[in-house]
> 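Got a structure for you, questions after.
Start at 1 and go down the list; that is how both ligands and their atoms are numbered.
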Amino acid sequence: MADKWVYRFGDGTADGNAEMKELLGGKGANLAEMCALGLPVPPGFTNTPEDCTGFTKNDRTYPGSLEKEVAAAMAEIEAGVGARFGDVTNPLLVSVRSGGRASMPGMMDTVLNLGLNDETVQGLAKNSGDERFAYDSYRRFIQMYSAVVMGVEHHHFEDILDNYKLSLGVTLDTELGADDWKNIVANFKERYQQEQEQHLPFPQDPQEQLWYAIGAVFGSWMNQRAITYRRLHDIPADWGTAVNVQAMVFGNMGDDCATGVAFTRDPATGANEFYGEYLVNAQGEDVVAGIRTPQHITRAARDANGSDLPSMEEIMPGVFQELNDVRVQLETHYRDMQDIEFTVQKQKLWMLQTRNGKRTAKAALKIACEMVDEGLITKQDAVARIEAESLDQLLHPTLDPDAERNVISRGLAASPGAASGKVVFSANEAEAAANDGEAVIMVRMETSPEDIHGMHAARGILTSRGGSTSHAAVVARGMGRPCVVGAGEVRIDYQAQTMTARNVTVAAGEIITIDGAKGEIILGEVPTVQPELSGDFGVLMGWADDIRTLGVRANAETPNDARTAVEFGAEGIGLSRTEHMFFDADRIVSVREMILARDEDGRRAALAKLLPMQRDDFTELFRIMAGLPVTIRLLDPPLHEFLPHTEADMAEIAQAAGIDAAELHARALELEEVNPMLGHRGCRLAISYPEIPEIQARAIFEAAATVSKETGKSVEPEVMIPLIATKQEFDLLKAIVDRVAGEVSAETGVALKYLTGTMIELPRACLRAGEIAETAEFFSFGTNDLTQTTFGMSRDDSAGFLRQYDEQSILEKDPFVSIDIDGVGELVEIGATRGRATRPDLKIGICGEHGGDPASIEFCHRVGMDYVSCSPYRVPIARLAAAQAALKK
Ligand code: PEP
Ligand code: MG
């Protein structure tokens, strides 16, 4: 247990610093750091997240000395500001905000203007000389405190305000005067008492307000949207959130006041341009709420967007200059793009937050490359800071520029990528439809943090309100979901389940497309094209390649996949699943014919049809891979995937094989298995029917001989035998491969070089790896089957119950996606160590889905594998993750 709960900051000094995120949360640590840097930060203090975990575990009570420490820290704020908390004539007001270790934008709660009551509001009015401001602050406080702390929801207060404005015939809050706000405050308090559970009046004691607010912010760690966000971002539940209590500064004291949020560079494109929004005479929540249209910070951004509202640079040039200096100072200090919040009170700038800004993958690459050029960071820093998984955003299709687009409206381009889908109007509908396999676009008036599960489920998000720095737009960007926000002319009618723009009405269930890079909303579906990768991508990948020691190959069997793999930088094929070469309708008949053949003659007849197809496929692969290693796996068809299911399929095969349909039917029934994943597949099939590996080996070697002759360079295939449990199985099949290689060599006059190795995908193979390596020349860990057999969880059936495992945090991650390092990983380590003990130069790779997962790649690097092999689209992710793994050593 800690003996210090409260860390103060203010007046150019601080107890903490930016390195102390674990203890102070991101916001608290950075407030302390900014203070120490000499930036203008209102004084305050941070309660550590340990209070939070203690608070949630100990039935919502605080540790012993907290109360005393808070009182002392409050006294320091009072001294710094020259006002007293609860004082009727000169009241101090504070904000109470959450701030976890990892940023969770908008997921937890905040209370502003705390300390106001019926008396202190008068003191505030007198001191500021602005009654209107004082009562505006009070009504804001009542609403926020009620919603966040007391569970009286926002809409009660919003209704009152809307009706009040309606009765006066005004539309903007700024049109209301002091007396209006007084009336509204009275109405708010009355509604509070009606709605509050025990019908108590609005709390007037500032101390009570403070402690209840601290408790509510700690408690918000456990609210549903925070829990969902943590699950999606792998943030541990036991971290807890810190609470920051800070003197209020006011952006709502008149037209020489403002509040805003900004990024030190453009978070969508990465351009080195100050990018942000602000509102004159407003408080922080107004900017993100999206009710008023935010104004641009710079003149250039205003011009580029054709806005008729003045920029901050134009109307507050002095403060803008100061803010721009802070921008440069923060970037130089943090050596990364920052996301900042600020308030201007009577022409004085106050910094309220800085943190590393979320950005698109494209922006991340540009910023990293430019910061290397600017001498701010090293190439290693650049490689280390790009989230490998985020490259996925770049590698997926965008809208075909030549395709026709029926653009019905536009909004702000909040997160790039294009998506088409059926329109839904709520997060729950989005989730339900996505669970049914439907592509949906979630359309909302504004994206709120409550919508997080829907945002995750939807292909894209469209809102009619909100700025491009609204919290939810930031979340969409972080998730890599295409997103268009603030499409002001789109009218959404939740009741009627329609959206209307420029006289076009789209009903729920109809298809639209959004282009998150351009902000376009398009009727119907639009074809897409492969992305063009920017120069920054190539530069960063080059640096990653220089750093990494782990090879990266691709799992590919079709010429198309192989070409994509090479384009993305694959250094070979690590797995070519030969059974996947037969999925085409005209080929599957011959495979089925072979599987269903009653005897060797029947099988050989079918194989004779397959041989030329296989040979042509392999020839093409060897040509495309031009001397790079190609691992070809002998047939491994789980029978249930290949047996015919319909009468028509049966009839077709019977005809091709020239046998009776009834007989074929009987044979299919004979072959049906109870557990096909553990059945007659992999090397077991080859052992039963040795003519299969024989013909496949012939196809491989004939192709190798052909391409060798063509190019004058030797093609060295790696022949891989699947699902080996014993050395005897392997040796038996290797003998066939060797024999056929000798025959083809003699027939073609080409001296064939090749390796024969095995998949290690059964626990027994890991344990007996030492003896298997006596004859096997390489190992490739098939972690799909190894996970299945280690957990005893069917690959085909696990999705049904792993969801509950996830919800109950039984497993940290789906073990079929990210390798279970403790269990499956230990078996892999045993296999690799024992194999290398026998054969020190044993080539070792991985070809399960885990080969494209960054956490698993780090593990593979640690175990000393030679390469990972993954799907072609994940090759760049694997290259980057491999470099990051090397940097971690
Ligand atoms: C594996 O089991 O990890 C593997 C790559 O093989 P398959 O997925 O084809 O069973
Ligand atoms: Mg397998």
> Do you know which two heavy atoms are closest between Ala439 and Ser420, and how far apart they sit?
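Heavy-atom minimum between the residues: CB-O, 3.7 Å.
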> Tell me, which N, O or S atom in Glu761 is closest to the Mg ion (ligand 2)?
OE1
> What residue and heavy atom of the protein are closest to atom 3 (O) of ligand 1, and at what distance?
Asn784 N, 2.7 Å
> Assess whether a salt bridge exists between Arg764 and Glu729, defined as any Lys/Arg side-chain N lying under 4.0 Å from an Asp/Glu carboxylate O.
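Between Glu729 and Arg764 there is no salt bridge, as every charged N stays at least 4.0 Å from the carboxylate O atoms.
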> To which protein heavy atom is atom 6 (O) of ligand 1 closest, and what is the distance rounded to 0.1 Å?
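Of the protein heavy atoms, Arg633 NH1, 3.0 Å lies nearest.
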> Given that the side chain starts at C-beta and the backbone is N, CA, C, O, which of these parts of Met677 lies under 4.0 Å from ligand 1, counting heavy atoms, or is it both or neither?
neither
> Below 4.0 angstrom from a heavy atom of Cys847, which ligand 1 atoms are there? Numbered from 1 as shown, please.
5 (C)
> Which bit of Leu575 is near ligand 1, meaning a heavy atom under 4.0 Å away: side chain, backbone, both or neither?
side chain
> Is the Mg ion (ligand 2) less than 2.8 Å from at least one N/O/S atom of Asp636?
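Not a single backbone or side-chain N, O or S atom of Asp636 is under 2.8 Å from the Mg ion (ligand 2).
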> Checking side chain to side chain donor-acceptor pair (under 3.5 Å) for the pair Glu761/Thr789: CA distance, chi angles, key distance, verdict?
CA-CA 8 Å; Glu761 45 190 343; Thr789 47; over 6 Å; no
> Output the list of atoms in ligand 1 that are nearer than 4.0 Å to some heavy atom of Arg795, sorted by atom number.
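Those of ligand 1 that fall under 4.0 Å from Arg795 are 2 (O), 7 (P), 8 (O), 10 (O).
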> Going by heavy atoms in the side chains, are Pro559 and Arg563 under 4.5 Å from each other?
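Contact flag for Pro559/Arg563 side chains = yes.
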> Where's the contact between Gln788 and ligand 1, heavy-atom distance under 4.0 Å: side chain, backbone, both or neither?
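Neither part.
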> Suppose I only count heavy atoms of Gly782 and a 4.0 Å limit; which atoms of ligand 1 are within that range?
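Here the atoms of ligand 1 in question are 1 (C), 2 (O), 3 (O).
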> Going from OH on Tyr754 to OG1 on Thr756, what distance comes out if it is rounded to the nearest 0.5 angstrom?
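With rounding to 0.5 Å, OH (Tyr754) is 5.0 Å from OG1 (Thr756).
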> Could you tell me if the side chain of Thr775 sits less than 4.5 Å from the side chain of Phe730, heavy atoms only?
yes
> Run the numbers for me: atoms of ligand 1, each under 4.0 Å from some heavy atom of Met759, listed by number.
4 (C), 5 (C), 6 (O)
> Restricting to N, O or S atoms of Asp785, which is nearest to the Mg ion (ligand 2)?
OD2
> One residue to check: Arg681. Relative to ligand 1, which of side chain, backbone, both or neither has a non-hydrogen atom less than 4.0 Å away?
side chain
> Parallel, tilted or perpendicular: which fits the ring planes of Phe618 and Phe622, with parallel below 30° and perpendicular above 60°?
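Rings of Phe618 and Phe622: tilted, 30 to 60°.
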> Is the closest side-chain heavy-atom distance between Arg667 and Arg598 below 4.5 Å?
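Result yes, sub-4.5 Å side-chain heavy-atom pair found.
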> Going by atom types alone, do Thr783 and His850 pair a side-chain donor with an acceptor below 3.5 Å?
yes
> Between Asp785 and ligand 1, which part of the residue brings a heavy atom under 4.0 Å of the ligand: side chain, backbone, both or neither?
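The part of Asp785 near ligand 1 is both the backbone and the side chain.
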> Quick one: nearest non-hydrogen protein atom to atom 7 (P) of ligand 1, plus distance?
Arg577 NH2, 3.4 Å
> Can a salt bridge be assigned to the pair Lys888 and Glu858 using a cut-off of 4.0 Å between side-chain N and carboxylate O?
yes
